[in-house]
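Worth saying up front: this structure is predicted, and the values here are computed from it rather than measured. Nothing fancy with the numbering, it's 1 onward along the sequence.
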Amino acid sequence: MGNEIVTKSDMRIIAARSQTQNAFDAVGIIRDSHHPVLAGVCFLDDKEVAERLKVTRRTVQNYRDRGILSYYMICGKCLYPEHEIQQMLDENFHPAYYD
């Protein structure tokens, strides 16, 4: 084993590369789902709010300007309390009804 040449086709290298790729994928999932937390409150940025509401970022800005959405402006970045976005969705839900 001391003079053994290890190539990229060696099963140990293939396994190590696979594990590394899995770790990178896991970090990506965590990064993409992370929301800033302050005092136990999670926040969404305008892109995340737009995705959640299925509207454009400009519409989110209009909602903010019209006072429909609560937000914090910190160093030019708008952050929206996640629980308030969910509450707005819940309050405006109209279930289907049948005659």
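L53 has its side chain within reach of L89: a pair of non-hydrogen atoms, C-beta onward, lies under 4.5 Å apart. Counting heavy atoms from C-beta on, the side chains of V60 and N62 never come closer than 4.5 Å. When side chains are defined from C-beta on, V49 does not count as touching Y63, because their heavy atoms never get closer than 4.5 Å. For the pair M88 and I68, the minimum side-chain heavy-atom distance is below 4.5 Å. Put simply, the side chain of L79 reaches to within 4.5 Å of the side chain of I74, judged on heavy atoms. No side-chain heavy atom of E48 sits less than 4.5 Å from a side-chain heavy atom of E82.
Smallest separation of non-hydrogen atoms from T7 and I13: O-CG1, 3.5 Å. Considering every non-hydrogen atom in both P81 and S70, the closest pair reads CD-O, 3.6 Å. Residues I14 and K8 share a closest heavy-atom pair of CG1-O, 3.6 Å.
Looking at D10, its side chain never comes within 3.5 Å of a backbone N or O of V6 through a donor-acceptor pair.
Remark: aromatic rings of F43 and Y80 are distant, center separation not under 6.0 Å.
Remark: R57 engages D46 in a salt bridge (charged side-chain N to carboxylate O under 4.0 Å, His left out) (not counting sequence neighbours).
N92 CG to Q87 CD: the interatomic distance, rounded to the nearest 0.5 Å, is 10.0 Å.
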Using side chain to side chain contact (heavy atoms under 4.5 Å, CB included), reason through H83 and C42 one step at a time and then give a plain yes or no.
CA-CA 8 Å; H83 72 277; C42 293; over 6 Å; no
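Environment of CE in M73: crowded, with over 12 heavy atoms of neighbouring residues, nucleotides or ligands closer than 6.0 Å.
Under the 4.5 Å side-chain heavy-atom criterion for ILVMFWY residues, no single connected hydrophobic cluster contains both F93 and L69.
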